[in-house]
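For clarity, every value in this text was computed on a predicted model and none was experimentally measured.
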Amino acid sequence: MAEPAGPGPVDRVVKCVVWDLDNTLLTGVWLEAAQPPGAEPALLAALAELHGRGVLNSIASRNPAELAATLPGLADWPAPFVSPQYGWGRKSESLRRVARELNVGLEALAFVDDDPYERAEVEQALPDVLVLSPEDVPDALGWPALCPPVVTAEARARAASYAQAQARQQAAREHGRSTSDFLRWCRTELTIAPAAAADLPRLAELAARTHQFNSVRRAVLEPELRGWLASPEHRVSVLRLRDRFGDDGLIGAAIVHTGPRRRPSPEWTVQLLMMSCRAMGRGVIEALLAWLARAAAGQDGTALLVPSRLDDRNVPLRLALVAAGFRAEPSDVDREGRTWFRRGLGGQPPALPEWVTVEAPVPL
């Protein structure tokens with residue numbers, strides 16, 4: 001079976017596969033079997049393969065949630081299912097909840113179900129979702145959308161990171177603190193440091209997978225990143241994040257054209273700014289923009305410019321830019337369709353939270 005028409009490999013990156021249970025992951029119908037049905041071996045192997053590639057797995061089943069703890073072999077499956085959905089509602093609504101809880105777009109989901117009616121319902125309601133039958137799965141494992149070119153340690157830890165995020169969100173609801181107080185209570189540690197050659201695979205992975213906080217929204221491959229890293233007129237900085245709930249590793253980067261080191265340009269332009277959605281709401285994008293402004297001002301810069309494509313996926317980035325004092329005019333659009341947001345650097349530089357560490361040598 002050929003890959004369905006629709007977004008190509010650059011546009012579609014499946015981040016989570018949502019599975020039906022009855023006659024899909026299971027060899028029978030849960031509530032109708034005299035004995036609980038076992039797992040389907042071929043699809044169990046697919047789960048393990050996807051987990052090893054850093055692709056998340058979830059569930060959308062009409063079975064009651066209280067039976068989930070009795071699912072045979074659940075503890076032996078490759079990783080916890082993230083945001084599992086149970087109940088008698090439409091499968092399309094279950095998929096909407098998965099996307100919302102994981103903070104991903106619908107085009108980042110694939111859905112596997114043996115029932116043609118369920119597949120048709122999802123295809124009609126959510127045309128951006130990649131819909132598969134169980135028989136499609138072996139071929140689909142070879143499609144570019146499910147085959148990330150690089151699998152990093154951060155990718156393999158993705159399911160655990162989402163579990164940590166759920167624990168963090170629950171703690172936030174229980175504590176009722178201000179955002180800044182909660183970040184301190186979490187023992188948040190953000191480190192900004194110069195990039196190294198060993199970071200390039202992870203940076204290429206972030207460029208392919210990030211959408212909501214990505215200033216270019218295109219594939220950026222390792223050779224291009226390596227060129228920026230070697231350039232005397234560019235600075236490549238990476239962000240690493242951890243707190244009391246876990247270590248998220250390398251979650252973002254900023255690549256800035258500063259001009260010659262001995263005589264920096266008065267206007268610093270960000271070639272690429274990107275951040276994983278796992279860091280959303282944790283003060284990271286605000287701290288990064290503040291640090292960039294402080295660094296540029298400290299080198300007698302007069303303005304900091306950041307590009308952004310005006311589409312519905314990267315609205316969070318644009319909101320963060322505006323909140324940080326960046327502005328754009330309708331005429332500030334280049335030949336590539338990017339709008340350039342500008343922030344003047346006069347006056348008092350923005351403050352950095354105490355939980356941000358800038359490693360020496362300072363890369364900007």
Side-chain angles (χ1 to χ4, degrees), residues 3 9 12-22 24-27 37-61 63 68-69 71-86 94-95 97-99 101-114 129-168 201-202 204-206 208-211 245-251 276-279:
E3 184 169 2
R12 182 193 291 277
V13 176
V14 172
K15 298 182 179 181
C16 181
V17 178
V18 184
W19 301 83
D20 174 46
L21 289 180
D22 292 336
T24 301
L25 281 184
L26 300 180
T27 57
E40 171 59 49
L43 297 187
L44 185 61
L47 278 174
E49 176 65 24
L50 291 167
H51 173 63
R53 298 177 184 182
V55 179
L56 300 170
N57 290 286
S58 184
I59 288 174
S61 173
N63 287 292
L71 185 63
L74 181 60
D76 300 326
W77 289 18
F81 291 104
V82 296
S83 186
Q85 305 294 319
Y86 298 96
S94 293
L95 289 163
R97 287 193 294 272
V98 171
E101 292 178 15
L102 298 183
N103 198 22
V104 299
L106 289 167
E107 77 284 352
L109 299 183
F111 172 61
V112 184
D113 198 303
D114 71 298
V129 173
L130 178 62
V131 178
L132 306 169
S133 71
E135 293 75 24
D136 295 332
V137 171
D139 285 342
L141 289 175
W143 295 347
L146 286 165
C147 290
V150 177
V151 180
T152 63
E154 286 86 352
R156 284 186 285 269
R158 193 163 284 126
S161 293
Y162 276 98
Q164 293 162 7
Q166 291 177 337
R168 188 180 297 109
R202 173 58 175 163
E205 181 181 51
L206 278 172
R209 295 185 63 92
T210 55
H211 299 285
F245 295 96
D247 189 341
D248 290 282
L250 200 165
I251 50 83
S276 168
C277 62
R278 281 184 277 172

Working to the nearest 0.5 Å, report the span between [atom1] of [X] and [atom2] of [Y].
X	Y	atom1	atom2	value
Leu141	Leu132	CG	CG	9.5 Å
Asp114	Glu135	CG	CD	8.0 Å
Asp113	Thr24	CG	OG1	5.0 Å
Ser133	Asp20	OG	CG	12.0 Å
Asp22	Asn63	CG	CG	4.5 Å
Leu43	Leu21	CG	CG	11.0 Å

What pair of heavy atoms forms the shortest contact from [X] to [Y], and how long is it?
X	Y	answer
Pro138	Pro134	CD-O, 3.7 Å
Ala208	Val13	O-CG2, 3.6 Å
Ala60	Phe111	CB-CE1, 4.4 Å
Asp248	Arg168	OD2-NH2, 4.0 Å
Arg209	Gly54	NH2-O, 4.2 Å
Val104	Leu109	CG2-CD2, 4.2 Å

Checklist entry - Do Ser94 and Gln85 have side-chain N/O donor and acceptor atoms under 3.5 Å apart? => result no
For the residue pair [X] and [Y], establish whether any side-chain heavy-atom pair is separated by less than 4.5 Å.
X	Y	answer
Val131	Asp136	no
Leu102	Cys16	yes
Leu206	Ser276	yes
Val112	Leu25	no
Leu130	Trp143	yes
Val17	Leu146	yes

